[in-house]
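Convention: sequence-line order gives letters A, B, ...; per-chain numbering from 1.
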Amino acid sequence: MGNIITLTTDFGLKDHYVGVMKGVMLSVNENARPVDITHCIDSHDIRAASFVIGNSYRYFPAKTVHLVVVDPGVGSERRPVAVLADGHFFVGPDNGVFSSVIRSCEDFRAREIKNLDYCLKEISSTFHGRDIFAPVAAHLSLGVPFSEIGPQIKDPEILPRDGYSVTGNEIRGTVVYTDKFGNLVTSIPTEAVGNGAGASVTVGGKRIAGISESYSSAETGEILAVGGSGGYIEISVNQGRACDVFGEEPPEVIIVEEKN
Amino acid sequence: MGNIITLTTDFGLKDHYVGVMKGVMLSVNENARPVDITHCIDSHDIRAASFVIGNSYRYFPAKTVHLVVVDPGVGSERRPVAVLADGHFFVGPDNGVFSSVIRSCEDFRAREIKNLDYCLKEISSTFHGRDIFAPVAAHLSLGVPFSEIGPQIKDPEILPRDGYSVTGNEIRGTVVYTDKFGNLVTSIPTEAVGNGAGASVTVGGKRIAGISESYSSAETGEILAVGGSGGYIEISVNQGRACDVFGEEPPEVIIVEEKN
Amino acid sequence: MGNIITLTTDFGLKDHYVGVMKGVMLSVNENARPVDITHCIDSHDIRAASFVIGNSYRYFPAKTVHLVVVDPGVGSERRPVAVLADGHFFVGPDNGVFSSVIRSCEDFRAREIKNLDYCLKEISSTFHGRDIFAPVAAHLSLGVPFSEIGPQIKDPEILPRDGYSVTGNEIRGTVVYTDKFGNLVTSIPTEAVGNGAGASVTVGGKRIAGISESYSSAETGEILAVGGSGGYIEISVNQGRACDVFGEEPPEVIIVEEKN
């Protein structure tokens with residue numbers, strides 16, 4: 001069946017912009033099946049868009065087309081791109097929104113969108129989501145060859161990684177994303193922590209309980225660290241909001257593993 | 001055609017969690033058609049989830065699969081369940097989210113989800129929506145026999161009902177849900193009120209106009225009681241928000257019918 | 001394939017009302033494909049609903065059915081209507097929500113919804129979206145003849161236009177819509193401004209930069225005027241929110257073109 005096109009934007013839910021993009025998709029491919037990832041990325045937060053699509057795309061069937069439009073530079077010199085990575089297609093501005101996808105896939109291919117046959121006839125300077133990205137995504141969902149989109153590019157924009165460092169039995173990372181429940185997703189992969197049972201965890205200078213099995217294994221209101229569903233350590237409060245405990249600045253996270 | 005899967009969660013719209021569940025569904029059943037009921041249940045509000053799905057499911061075609069994930073106890077001992085009631089399937093945690101559905105359907109059947117063939121290969125302790133409920137829902141939408149899901153259970157969790165009492169010509173109930181317009185949905189069925197024309201209505205100690213035909217039959221800004229679309233008496237303000245008139249505590253609602 | 005039904009309402013995303021309408025659609029037409037435009041119109045803001053659907057519908061394939069439910073007068077004497085305009089169908093209350101659509105299409109046809117065969121069996125006085133508009137929309141998406149819906153009407157409600165005036169080389173308009181990014185959409189068509197290069201623009205008494213090519217052609221934080229994606233001049237702040245610069249009252253917008 002195919003025809004699936006996911007949408008990730010900072011357009012919000014108040015206006016008609018998302019609906020208009022879906023209309024364009026359905027006008028190009030009448031069998032298109034748009035699926036929202038989210039439209040509530042903070043305005044212009046390219047890094048959050050990269051995090052969200054990097055953590056989502058692989059749950060969809062291969063050949064899904066993923067549209068990502070967080071595009072503060074629309075109408076400027078930034079290039080529109082299509083990326084083929086891990087058997088999925090990605091369409092959006094070349095401003096770093098595909099950083100996570102590209103970093104996790106060594107043999108990605110990227111093309112600058114230049115073939116106007118796959119865009120709307122009139123291209124505005126303020127809404128490339130409608131005029132370029134939605135119709136290109138819909139054409140890819142129809143099976144248009146990737147090579148038709150435009151010339152290959154070797155240097156798509158990639159944001160610096162939010163990494164972590166290991167010194168002896170100490171791991172240092174940071175918070176890269178705050179979710180709706182107030183959970184703080186860190187840059188520390190759960191698998192980097194090994195056993196974790198006796199680890200000591202400090203967040204923003206505050207010592208918290210060690211690494212727990214699940215949100216509910218702590219007392220209500222207690223701060224805990226947990227191996228999150230995306231593969232990274234998360235800081236959570238059982239039935240509360242961890243983000244309210246720490247300040248606005250992303251806190252440093254330090255995990256010291258027990259010596260064997 | 002079938003393949004419809006509704007989604008009711010407290011995941012919000014900011015993150016990728018809902019999109020990821022839809023990706024899992026589409027990977028299991030490429031023809032799945034996810035339909036959102038809401039993702040804006042207050043975090044961990046099991047009672048609201050029960051209200052919402054209980055008031056929604058019957059408008060969908062028979063055999064629809066309804067996923068409900070409001071799951072503060074994820075990763076703890078609470079069971080994952082599938083319920084067959086009134087010709088519809090329901091999938092989610094066994095924590096009371098299906099109370100309204102089960103109460104309204106005497107010959108429901110429930111099974112604990114134990115068959116790992118219908119789950120993702122790796123099951124995290126923090127995101128059963130993705131790892132258990134979405135794939136089980138998608139398998140049910142494919143026509144997998146209900147009996148395959150796991151062993152039957154007789155005692156699914158059911159929350160105590162928000163009831164109402166009748167003494168002579170006086171009916172007492174409470175407010176069970178506040179909607180986006182600020183309308184207060186009560187626990188008093190409209191049919192319990194009989195004629196209602198000359199009834200006297202008191203909400204939180206405040207005498208309001210009697211039972212009206214529609215929101216707009218009162219003056220702008222006036223508080224009124226109306227037979228709501230879900231079959232229960234609602235307290236409303238014409239073009240205003242009834243919830244702002246009363247305090248945070250759900251007010252008691254007293255209807256005294258006219259003596260004949 | 002067809003079967004597309006768009007939804008534009010002020011129902012918000014918290015409750016089950018939108019999901020219930022989709023369930024009704026799918027019960028009438030099992031192949032219905034509901035597509036959200038928005039459900040976040042401000043409660044009872046008929047003018048915004050008219051703006052949103054007027055700027056959206058033409059991006060969908062012909063024969064799409066567009067449901068619009070912003071309906072403060074539900075249950076009163078206001079008529080339920082279906083409109084055929086520009087090859088698209090529209091269904092909703094006759095209270096002005098279709099003003100933009102009808103104004104832009106001289107040979108529209110409108111019918112009062114009277115044929116109860118296409119409605120739910122029980123019609124409440126508080127939720128015509130579910131009981132009348134959703135099932136009528138779904139029947140139209142099935143190909144039911146438009147003439148079957150009810151008697152023709154010649155006088156659908158049309159709101160007064162937010163216009164603009166031209167005096168010599170001066171154009172005066174107002175702000176008609178504020179979007180999620182805080183952009184102020186004016187009533188002045190971009191094509192009315194001609195070249196625009198040397199135009200002087202005043203908004204709410206404040207002189208701003210002239211008309212720019214794109215949001216990012218001004219400095220970060222600078223106010224600019226730009227030819228918006230909907231065909232009207234917009235007032236924007238590069239990477240900021242123009243709506244926060246001006247007060248709550250929609251400001252007057254004056255564009256003085258350079259004399260040739």
Determine the interplanar angle of the F51(C) and H16(A) rings, folded into 0 to 90°, and report it as parallel if under 30°, tilted if 30 to 60°, perpendicular if over 60°. perpendicular
Toward chain C, the part of V18(A) with a non-hydrogen atom under 4.5 Å: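 For V18(A), no heavy atom lies under 4.5 Å from chain C.
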Identify which part of D36(A) has an atom lying under 4.5 Å from any heavy atom of chain C, answering side chain, backbone, both or neither.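 When you check distances to chain C, no heavy atom of D36(A) falls under 4.5 Å.
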Nearest heavy-atom neighbours spanning [X] and [Y]:
{"X": "L26(A)", "Y": "F60(C)", "value": "CD1-CE2, 4.2 Å"}
{"X": "P61(C)", "Y": "S27(A)", "value": "N-OG, 3.4 Å"}
{"X": "E30(A)", "Y": "R33(C)", "value": "O-NH2, 2.7 Å"}
{"X": "Q239(C)", "Y": "H44(A)", "value": "CA-CE1, 3.6 Å"}
{"X": "K14(A)", "Y": "C40(C)", "value": "CA-CB, 3.8 Å"}

Are the side chains of E234(C) and T126(A) in touch, meaning some heavy atoms are under 4.5 Å apart? no
Check: F11(A) and D179(C) side chains under 4.5 Å, non-hydrogen atoms: no
With a 4.5 angstrom heavy-atom cut-off, could you sort out which part of [X] is near chain A: side chain, backbone, both or neither?
{"X": "L7(C)", "answer": "neither"}
{"X": "Y57(C)", "answer": "neither"}
{"X": "N55(C)", "answer": "both"}
{"X": "V52(C)", "answer": "both"}

Answer yes or no: are there more than 12 heavy-atom neighbours, outside [X] itself, under 6.0 Å from its atom [atom1]?
{"X": "R103(C)", "atom1": "CZ", "value": "yes"}
{"X": "K63(A)", "atom1": "NZ", "value": "no"}
{"X": "Y164(C)", "atom1": "OH", "value": "no"}

Separation of [Y] [atom2] from [X] [atom1] (nearest 0.5 Å):
{"X": "D15(A)", "Y": "Y177(C)", "atom1": "CG", "atom2": "OH", "answer": "3.5 Å"}
{"X": "L13(A)", "Y": "I37(C)", "atom1": "CG", "atom2": "CD1", "answer": "12.5 Å"}
{"X": "S229(C)", "Y": "E122(A)", "atom1": "OG", "atom2": "CD", "answer": "12.0 Å"}

Side-chain donor-acceptor pair under 3.5 Å between T6(C) and K22(A), yes or no?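 Not at all, the side chains of T6(C) and K22(A) share no donor-acceptor pair under 3.5 Å.
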If you tally heavy-atom pairs under 4.5 Å against chain C, which of G73(A), S124(A), S43(A) wins? S43(A)
